[in-house]
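Reading through the structure tokens given below for one structure.
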Protein chains: 2
Amino acid sequence: MVQIPKPPTPASAAVGSVPTSADVARLAGVSRATVSYVLNNTSAVRISEPTRRRVHEAAKELGYVPHAAARSLRAGHSRMVLMPAPTIPVGPLYSQFLSDLQGALGRLDYTVVQYGAVGTHGDEAARAWAELRPVAVLVPGSGLGPQGVAVLKRSGARAVVTLGPETVEGAHALLMDHTAVGRAAAAHLRARGRSRIGVVVPAEPGLEVFSRPRLHGVRHAVHGTGGTGATVIELPLAYDEDDAARLAARWRGLGLDAVFAYNDEYAMLLMRALMDAGVDIPGDTAVIGADDLMLGRLLRPRLSTVHIDLPSGRDLAELVDRAVRDPAAPPERREVLGATVVPRESS
Amino acid sequence: MVQIPKPPTPASAAVGSVPTSADVARLAGVSRATVSYVLNNTSAVRISEPTRRRVHEAAKELGYVPHAAARSLRAGHSRMVLMPAPTIPVGPLYSQFLSDLQGALGRLDYTVVQYGAVGTHGDEAARAWAELRPVAVLVPGSGLGPQGVAVLKRSGARAVVTLGPETVEGAHALLMDHTAVGRAAAAHLRARGRSRIGVVVPAEPGLEVFSRPRLHGVRHAVHGTGGTGATVIELPLAYDEDDAARLAARWRGLGLDAVFAYNDEYAMLLMRALMDAGVDIPGDTAVIGADDLMLGRLLRPRLSTVHIDLPSGRDLAELVDRAVRDPAAPPERREVLGATVVPRESS
DNA sequence: TTGAAAGCGCTACCAC
DNA sequence: GTGGTAGCGCTTTCAA
């Protein structure tokens, strides 16, 4: 319908085809320029009231909707902020953050667009993103390298912001250091007198971005404090009951007196399996999760957890806006992940 | 940087500005047409190997990335499939579905884009979506009316698909009838001999899309079967422990012998509160949730639930593709939500 | 107050 | 094989 070239009937608005501003102009009996002035409320030029009305009426009658691509092609820029759509199921924490962010950017008159996963890694994906000529790009996780940043900037992105573990050359960075989560958990367990600490690492792919740093945080805290004889053991665990039961079955053999379980969901899964296997919690083994999800409060004993503070969407939106306004400014790098232990009954 | 009109130096590729195909052509010493042919592997025209190489090298050297807007403006169509980004935190079920769908559409060479919430309701939002001239639009939930569908189609969308409770004039419909969930739950509870059924309805806004039909499904099943003396009571509940405790405190006064709790999360919250208040489950009160989440298996007694079958992403992607290829075909309407009770220990 | 026209970056038709 | 060029829909000077 759309892509079939219209036959050369320049004076007619073929019914069934998408109306353009020229069609509106024709119907209103004015020029395309006037249509543009009226529809955009251009202040630099005054159009008579009757003309305005005619244009508006014509536009409504035709169901005219401006063509964003044509507009931004002409303007040379857009107000699109692009983020890759999350590929892994993302928890309520991050969902909320995303939602806030979209709202805040919307209020600053940006259009947020989540680009559906191409499955490729950051630097290749950057090319696809760059084709849309977004004014800013927000990239969670790692994966985008300096190459990707360069591609984006060369194609007109005025701001590239990464949300992840490390800074990337040329991009603003909201550093989310998940080792802090592991460190907090480990410090808590050590303070409770535990020294043989298991760390659950999800077997599911895609979660390494978070699980590796959390594990390293534990290692760092335990070995950094010169804990004599304290040990850390990595425990792969798939998110299903069978695997949890298997792990629980060999628990006593592991000789652990504490476990930090990646997040509350894995913690609950494991804790349930341990209890079913007759392991006393926190007597035999202390358990701590992370993310402070509601579900941690529902099982007994109540699950200790590491509460995570994310930046407010509004803050990030303002950072983006600032960066867009002044693309020459040096990249900001800000530490935004707060980790606080919420001690409950399981540790 | 981008929007500042370049001074009239037509023969120079100003450094720092975004490279265009003309810049590539200049550097390679060929015409823009040739660049286009080479970069798009146009089969209708044969370009000599040396020329191809020169073009590719020039493109790489400049970091050339084609301008999607210009391309689709010229082409008269795009392969963008647009969906509104979810505004409410969406569970693992739907996340997975979305992810599959994106993958499947990607494999069919569509680009999926989630449009950040404009906060407006469907029909107004439709205008904003239409500005992007997507080839197809996927709209979950209700909210989009025939008006919105018309706007989208008039602006070139070849397929509009709704995923929701009802069909919308002019759009394909994947009917997700959540009353089926309520009906399944109610039938189960009735079969277990329960007759005074509470139905938890989340106090959180935005969930009505699901909670109302689920409630109505229960009502329908209970009254439809001519259950003499069976009653259904609506129980608003906020997703926090205090509100759950309050509800539990007045539980005996309500005289209910069963409760269907919207979904597993609310069910677990309430079940925990009821147990803490000394209500025996399932003895005094049977509890059933929905969505078959992992967490329902962790608390004891294990939570009965209604398992929900969503269509596969691949199926939906194929529907979209078919609709795009043949926009004139009559709208498909398909029932896609399967609801099966998974009886466990709580009912 | 309004209109004519240039041009954003790209592709595809038609000449050479 | 390659180049010239029209034109997608829009905004915005510059003239009238």
Side-chain angles (χ1 to χ4, degrees), chain A residues 2-8 10 13 17-26 28-52 54-55 59 62 64-78 130-133 155-156, chain B residues 2-8 10 13-14 17-26 28-55 59 62 64-78 130-133 155-156:
Chain A
V2 181
Q3 82 280 34
I4 297 165
K6 281 178 294 200
S17 115
V18 183
T20 72
S21 76
D23 296 322
V24 177
R26 206 145 34 220
V30 298
S31 76
R32 292 156 67 224
T34 305
V35 170
S36 179
Y37 293 142
V38 172
L39 263 31
N40 296 312
N41 264 314
T42 308
S43 50
V45 72
R46 298 202 53 75
I47 304 283
S48 69
E49 204 44 55
T51 307
R52 306 185 81 82
R54 284 219 312 288
V55 170
L62 293 177
Y64 171 71
V65 175
H67 193 308
R71 176 184 306 207
S72 63
L73 180 58
R74 165 67 223 221
H77 65 100
S78 74
E131 293 193 359
L132 297 186
R133 297 291 191 271
S155 51
Chain B
V2 180
Q3 80 280 33
I4 297 166
K6 280 178 293 196
S17 112
V18 184
T20 72
S21 77
D23 295 322
V24 177
R26 205 145 35 219
V30 299
S31 76
R32 290 155 66 224
T34 305
V35 170
S36 179
Y37 293 143
V38 171
L39 263 30
N40 296 312
N41 264 315
T42 308
S43 50
V45 71
R46 298 202 52 74
I47 304 284
S48 70
E49 203 45 53
T51 305
R52 306 185 81 82
R53 239 210 324 283
R54 282 220 312 288
V55 169
L62 293 176
Y64 170 70
V65 175
H67 193 309
R71 181 191 307 232
S72 64
L73 179 58
R74 167 67 223 223
H77 65 101
S78 74
E131 293 193 0
L132 297 187
R133 298 289 192 272
S155 52

Original post:
Are side-chain heavy atoms of A/R52 and A/N41 found at a separation under 4.5 Å?
Top reply: yes
Subject >> Whole-Å gap separating P (C/dC10) and CG (A/L132) >> reply: 13 Å
**OP:** Send over the distance from A/H67 NE2 to D/dT11 P, rounded to a whole Å.
**Re:** 12 Å
**OP:** Check whether any side-chain heavy atom of B/V65 lies under 4.5 Å from a side-chain heavy atom of A/R133, and answer yes or no.
**Re:** yes
Original post:
Does A/T34 have a side-chain nitrogen or oxygen under 4.0 Å from the phosphate oxygens OP1 or OP2 of C/dT1?
Top reply: no
**OP:** Quickly work out the B/D23 CG to C/dG9 P distance and round it to whole Å.
**Re:** 8 Å
**OP:** Round to the nearest Å and state the distance from B/R53 atom CZ to D/dT2 atom C1'.
**Re:** 18 Å
Subject >> Nearest-nucleotide pick for B/A33, side chain only, options being D/dG3, C/dC10, C/dA4 >> reply: D/dG3
Original post:
Could you give the CD1-to-P distance, from B/I47 to D/dT2, as a whole number of Å?
Top reply: 5 Å
Original post:
Below 4.0 angstrom from OP1 or OP2 of D/dG3, is there any side-chain N or O of B/S31?
Top reply: yes
Original post:
Under 3.5 Å, side chain of B/R32 to main-chain N/O of B/S21, donor-acceptor pair present?
Top reply: no
Subject >> Within-4.5 Å side-chain heavy-atom neighbours: A/H67 and A/T20 >> reply: no
Original post:
Looking at B/S36, does any N or O in its side chain come under 4.0 Å of the phosphate oxygens OP1/OP2 on C/dT11?
Top reply: yes
Original post:
Does C/dT2 have OP1 or OP2 sitting under 4.0 Å from an N or O in the side chain of A/S48?
Top reply: yes
**OP:** By nearest nucleotide on DNA chain C, pick out whichever of A/R32 and A/R52 is the more 5' one.
**Re:** A/R52
**OP:** Starting at atom CG of B/N41, determine the distance to atom P of C/dA12, rounded to an integer number of angstrom.
**Re:** 13 Å
**OP:** Report the C-alpha separation of B/R71 and B/N40 in whole Å, then their side-chain angles, then the decisive distance to 0.1 Å, and conclude whether the side-chain contact (heavy atoms from CB on, under 4.5 Å) test is met.
**Re:** CA-CA 11 Å; B/R71 181 191 307 232; B/N40 296 312; 3.5 Å; yes
Original post:
When you check the phosphate oxygens OP1 and OP2 of D/dG4, does a side-chain N or O of B/Y37 lie under 4.0 Å from one of them?
Top reply: no
**OP:** For A/V30, report the nucleic acid contact type (base, sugar-phosphate, nothing); a contact means any heavy atom under 4.0 Å.
**Re:** sugar-phosphate
Original post:
For D/dT2, does either OP1 or OP2 sit under 4.0 Å from a side-chain N or O belonging to B/T51?
Top reply: yes
Original post:
Rounded to the Å, how far apart are A/H77 NE2 and D/dT11 P?
Top reply: 11 Å
**OP:** Map B/L73 and B/R46 onto DNA chain D by nearest heavy atom, then report which one ends up closer to the 5' terminus.
**Re:** B/R46
Original post:
To the nearest angstrom, how far is B/E131 atom CD from D/dG9 atom C1'?
Top reply: 13 Å
